[in-house]
Amino acid sequence: MSETDGPGNVLFVVMDTVRQSHLSVYGYDRPTTPNLEDFAADARVFEEAVAPAPWTLPVHASLFTGLYPTQHGATQENPYLEGATTLAESLSAAGYATACYSSNAWITPYTNLADGFDDQDNFFQVMPGDLLSGPLSKIWKTMNDNDTLRSVADRLVELGNTAHEYFAESGGGDTKTPEIVDRVQTFVEDSEENGDEWFSFVNLMDAHLPYHPPEAFADEFAPGVDSTAVCQNSKEYNSGARDIDDDEWEAIQGLYDAEIAHIDHHLGRLFEWLQETDRWEDTLVVVCADHGELFGEHGLYGHEFGVYDPLVNVPLMVKHPELDAGRDTETQVELQDLYHTVLDHAGVDADTGGEPFDRARSLLAADYREFASVDAPRGARSRFAAHDEGELDDYAFVDYHRPVVELNQLESKASAAGIDLDTDSRFYSRMRAGRRVDGKYIRNERIPDEAYRLDTDPDELADLVGSDDEVVAATEDALRTFESEMDGEWDDVTDEDVLDDMGDEAKDRLSDLGYIE
């Protein structure tokens, strides 16, 4: 550990699907985040933070393990975190009280992302958290000892998303943030009454599709917009079944801004409570997004089928007594480094099976990202030989596997519209990227690679693959090194692989439920 050895409390907030460019604290011209602007007076604001994937499950698994997606294996091709010790498990073993509050369908006991949390609630309306963490969770895990049934999880999440859309339209599915904030306060008070340090993790889902913000926020940011009349299903647009004109994009983004403002309002309420109760100064507070959102850029809506910067260059703000407040425009941060930052603050070593603490990955260390000057911890999987040689200090990596659930939904929308999707397209392609603050190289599985100079082309419009650009060449070399450490090629995974060994009775039941043809 570094000089920041704990113990100390931790509040870790993920604003799900929140794009950096829509936050006023990052210069957006609409006042979406006045409370985060106040928070910035106490925090380090990072402009070059990079998520390891563009969607929830692998990013949270990386936050909780310190590993890259291919290392921890939690993707839609295998939607479970297995064989890894989580941050919450390590903190709990060290005596911390731990809690996870979220309304995200992926952060639940059945994906194992809730492992290590003493208290957890996903605030589902259709399926309450106490049910998911009770008998149903045990049945689910037992069933999934059979690998051939794991694709069922994808279909169930799809069903959950449909239910979420239905309840959100009535204003009930996207307004769990007030309850989550209240629950955090109760957890903190109970933990301290028991004499425990605490780690509270929350995921706030307001800014995830569909966008049906509370009326007061909609009136400010999307006046006159009927949220049920605009396109709220990204697969309709991405499949080509639905067009969106400029006026509708403006309306959609107004609703999105309103959802962000709603998050900001309640974060302000939580931060004020921590300050008024004298808990603020000694608490590590992390606020980030797991990924962003696209609104027509590159012909895409949502956060699937691409690894462009609006998706993976995410907001990150960290408050800690030993971090000077201010804006950092130069340091590139990988989100999984927050795992090490929390361990550092708490003064806790990883429990058995966990990724060992690496000082070069702690934002609290003076030699952050100076890998060659910090000895690699024994057994560290995320520390490569090229790190030890100082070759990867300035690089971050994105590791995106095929989004099975979204692909199934996309195919369904396309089929209903009489559209044939090209299987040699980005929709079916896995993707990896190497990124530094001035350049990016994207390796695509089924379509040509892409490369961009982020310093002169931040919108990623001028593809420089095949050019003699030195930044592009260096970034491709770094990505190639990363891929070699990840054992290179992707394995081919198809629905047939999953269904081959499934019994006829199980197939018939899934067919009745509409999960397979």
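All heavy atoms count here, side chains included; hydrogens, waters and symmetry mates do not.
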S.K.: Within the side chain of Glu89, is there an N or O that forms a donor-acceptor pair under 3.5 Å with the backbone of Thr86?
M.R.: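 Checked: pair present.
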S.K.: I'd like to check Tyr428 versus Glu411 (side-chain heavy atoms, cut-off strictly below 4.5 Å). Are they in contact?
M.R.: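 Heavy-atom side-chain distance check passes, below 4.5 Å.
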S.K.: Drop me the distance from Leu36's CG to Ile260's CD1, to the nearest 0.5 angstrom.
M.R.: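 Going from CG on Leu36 over to CD1 on Ile260, the span is 10.0 Å.
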S.K.: Looking at Arg30 and Phe221, would you say the former's side chain and the latter's main chain have a donor-acceptor pair under 3.5 Å?
M.R.: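 Yes; at least one donor-acceptor contact below 3.5 Å.
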S.K.: Between Lys319 (side chain only) and Trp280 (backbone N and O only), is there a donor and an acceptor less than 3.5 Å apart?
M.R.: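 A pair under 3.5 Å: yes.
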S.K.: Got a second to check how far Leu407's CG is from Lys235's NZ, nearest 0.5 Å?
M.R.: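 So the CG of Leu407 and the NZ of Lys235 are separated by 10.5 Å.
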S.K.: In chain order, what residues pass the ring pair (Phe, Tyr, Trp, His ring centres under 6.0 Å) check against Phe201, with sequence neighbours excluded?
M.R.: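 Applying ring pair (Phe, Tyr, Trp, His ring centres under 6.0 Å) to Phe201 gives Phe12, His60, Phe64.
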S.K.: Answer yes or no: is there a side-chain heavy-atom contact under 4.5 Å between Thr228 and His212?
M.R.: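 They are in side-chain contact.
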S.K.: Is it true that the side chains of Glu37 and Ser24 contain a donor and an acceptor less than 3.5 Å apart?
M.R.: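 There is such a pair between these side chains.
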S.K.: Taking all heavy atoms of Asp118 and all of Ala97, pick out the closest pair and write down the distance.
M.R.: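 So the minimum-distance heavy-atom pair works out to OD2-CA, 3.5 Å.
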S.K.: Do you know the tightest heavy-atom contact between Ala414 and Leu421?
M.R.: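 Looking at all heavy atoms of both residues, the shortest contact is CB-CG, 3.7 Å.
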S.K.: Looking at Ala41 and Ala325, what are the two nearest heavy atoms and their distance?
M.R.: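 Of all heavy-atom pairs spanning Ala41 and Ala325, the closest is O-CB, 3.3 Å.
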S.K.: May I ask you to test the Asp309-Tyr452 pair for a side-chain heavy-atom distance under 4.5 Å?
M.R.: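 No - every pair of side-chain heavy atoms lies 4.5 Å or more apart.
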S.K.: Kindly give the heavy-atom pair with the smallest separation between Ala261 and Phe217, and that separation in Å.
M.R.: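 Between these two residues, the closest heavy atoms are O-CE2, 3.6 Å.
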S.K.: About how many Å separate CG of Asn9 and OH of Tyr96, when rounded to the nearest 0.5 Å?
M.R.: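 CG of Asn9 is found 6.5 Å from OH of Tyr96.
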S.K.: Return yes if some donor-acceptor pair links the side-chain N/O of Asp438 with the main-chain N/O of Leu454 below 3.5 Å, else return no.
M.R.: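 No; judged by distance alone, with no hydrogens or angles, the pair does not exist.
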S.K.: Apply salt bridge (Lys or Arg N to Asp or Glu O under 4.0 Å) to Glu334 and Arg369, showing your working.
M.R.: CA-CA 10 Å; Glu334 292 187 289; Arg369 303 294 293 188; 3.0 Å; yes
S.K.: Go through the structure and list residues passing salt bridge (Lys or Arg N to Asp or Glu O under 4.0 Å) with Asp190, not counting sequence neighbours.
M.R.: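 Salt bridge (Lys or Arg N to Asp or Glu O under 4.0 Å) list for Asp190, sorted by chain: empty.
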S.K.: If you draw a 6.0 Å radius around CD in Gln275, do more than 12 non-hydrogen atoms from other residues or ligands fall strictly inside?
M.R.: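 Above 12, so yes.
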S.K.: Which value, rounded to the nearest 0.5 Å, describes the distance between His298 atom NE2 and Leu311 atom CG?
M.R.: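 Rounded to the nearest 0.5 Å, the NE2-CG separation comes out at 8.5 Å.
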S.K.: Determine whether Asp206 and His266 make a side-chain contact, defined as any pair of heavy atoms from C-beta on separated by less than 4.5 Å.
M.R.: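 Side-chain contact under 4.5 Å: no.
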S.K.: Is the shortest heavy-atom distance from the side chain of Leu255 to the side chain of Gln232 under 4.5 Å?
M.R.: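 Side-chain contact under 4.5 Å: yes.
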S.K.: Given His72 and Gln336, is the side chain to side chain contact (heavy atoms under 4.5 Å, CB included) satisfied, shown in steps?
M.R.: CA-CA 12 Å; His72 60 60; Gln336 57 266 42; over 6 Å; no
S.K.: Give the minimum heavy-atom separation between Gln332 and Ala396, together with the two atoms involved.
M.R.: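 Nearest heavy atoms, Gln332 then Ala396: NE2-N, 3.1 Å.
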S.K.: Between side-chain atoms of residues 46-59 and protein atoms elsewhere (two or more places apart, or another chain), which donor-acceptor pairs fall under 3.5 Å?
M.R.:
| from | atom 1 | to | atom 2 | distance (Å) |
| --- | --- | --- | --- | --- |
| Glu47 | OE2 | Arg327 | NH1 | 3.4 |
| Glu48 | OE1 | Arg435 | NH1 | 3.0 |
| Glu48 | OE1 | Arg435 | NH2 | 2.8 |
| Thr56 | OG1 | Asp16 | OD2 | 3.2 |
| Thr56 | OG1 | Asn104 | ND2 | 3.3 |
| Thr56 | OG1 | Asp290 | OD2 | 3.0 |

S.K.: Which heavy-atom pair separates Met15 from Pro315 by the least distance, and what is that distance?
M.R.: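 Heavy atoms of Met15 and Pro315 come nearest at CE-CG, 4.4 Å.
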S.K.: Please check: side-chain N/O of Arg436 versus main-chain N/O of Tyr395, any donor-acceptor pairing under 3.5 Å?
M.R.: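 Pair absent, no side-chain N/O of Arg436 close to backbone of Tyr395.
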S.K.: Starting at OG1 of Thr17, measure out to CE of Met205 and round the result to the nearest 0.5 Å.
M.R.: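 If we round to the nearest 0.5 Å, Thr17:OG1 and Met205:CE are 6.0 Å apart.
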S.K.: Could you walk me through whether Val13 and Val285 pass side chain to side chain contact (heavy atoms under 4.5 Å, CB included), step by step?
M.R.: CA-CA 8 Å; Val13 177; Val285 181; 5.5 Å; no
S.K.: Rounded at 0.5 Å granularity, tell me how far CZ in Phe117 sits from SG in Cys100.
M.R.: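 Here the interatomic distance stands at 4.5 Å.
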S.K.: Apply the test side chain to side chain contact (heavy atoms under 4.5 Å, CB included) to residues Arg269 and Asp182: give CA-CA distance (whole Å), side-chain angles for both, the deciding distance (0.1 Å), then the verdict.
M.R.: CA-CA 10 Å; Arg269 182 165 67 88; Asp182 292 345; 2.9 Å; yes
S.K.: Between the main-chain N or O of Ser234 and the side-chain N or O of Asn238, is there a donor-acceptor pair closer than 3.5 Å?
M.R.: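 Yes; at least one donor-acceptor contact below 3.5 Å.
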S.K.: Please lay out, stage by stage, how Arg19 and Glu293 fare under the test salt bridge (Lys or Arg N to Asp or Glu O under 4.0 Å).
M.R.: CA-CA 6 Å; Arg19 175 170 163 161; Glu293 193 82 321; over 6 Å; no
S.K.: If you measure from the Lys or Arg side-chain nitrogens to the Asp or Glu carboxylate oxygens, is any gap between Asp344 and Arg361 under 4.0 Å?
M.R.: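 Answer for the salt bridge query: no.
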S.K.: Would Arg426 and Glu450 satisfy side chain to side chain contact (heavy atoms under 4.5 Å, CB included), going step by step from the backbone distance to the final call?
M.R.: CA-CA 12 Å; Arg426 68 169 51 257; Glu450 303 166 72; 3.6 Å; yes
S.K.: Should we count CG of Asp246 as having more than 12 external heavy atoms under 6.0 Å?
M.R.: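 Counting other residues, nucleotides and ligands, CG of Asp246 stays at 12 neighbours or fewer.
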S.K.: Apply ring pair (Phe, Tyr, Trp, His ring centres under 6.0 Å) to residues His22 and Phe295 and explain how you reach the verdict.
M.R.: CA-CA 12 Å; His22 277 249; Phe295 296 106; 5.7 Å; yes
S.K.: So do Asn35 and Phe271 actually touch side chain to side chain, heavy atoms under 4.5 Å?
M.R.: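 Answer no - side chains too far apart.
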S.K.: Is a donor on one side and an acceptor on the other found under 3.5 Å between the side chain of Thr475 and the backbone of Val471?
M.R.: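 Yes: the side chain of Thr475 pairs with the backbone of Val471.
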S.K.: Considering only heavy atoms from C-beta outward, does the side chain of Leu23 approach that of Val18 to under 4.5 Å?
M.R.: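 Answer yes - side chains close enough.
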S.K.: Does Asn444 reach the main-chain N or O of Met431 with its side chain, forming a donor-acceptor pair under 3.5 Å?
M.R.: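 Not confirmed, Asn444 side chain does not pair with Met431 backbone.
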S.K.: For Asp257 and Tyr28, test the side chains for any donor-to-acceptor distance below 3.5 angstrom and give the result as yes or no.
M.R.: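 Their side chains do contain a donor-acceptor pair, which is all the 3.5 Å distance test asks for.
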S.K.: Backbone N or O of Trp106 within a donor-acceptor pair of the Thr111 side chain at under 3.5 Å?
M.R.: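 Here the side-chain-to-backbone pair exists.
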S.K.: Going by heavy atoms in the side chains, are Glu215 and Asp219 under 4.5 Å from each other?
M.R.: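 Yes - at least one pair of side-chain heavy atoms lies under 4.5 Å apart.
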S.K.: Counting distance only, does the side-chain N/O of Tyr301 pair as donor-acceptor with the main-chain N or O of Cys231 below 3.5 Å?
M.R.: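 Yes, the answer is positive, given that a donor and an acceptor are paired below the 3.5 Å cut-off.
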S.K.: Is the count of non-hydrogen atoms from other residues, nucleotides or ligands lying under 6.0 Å from Asp282 atom CG greater than 12?
M.R.: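 Open.
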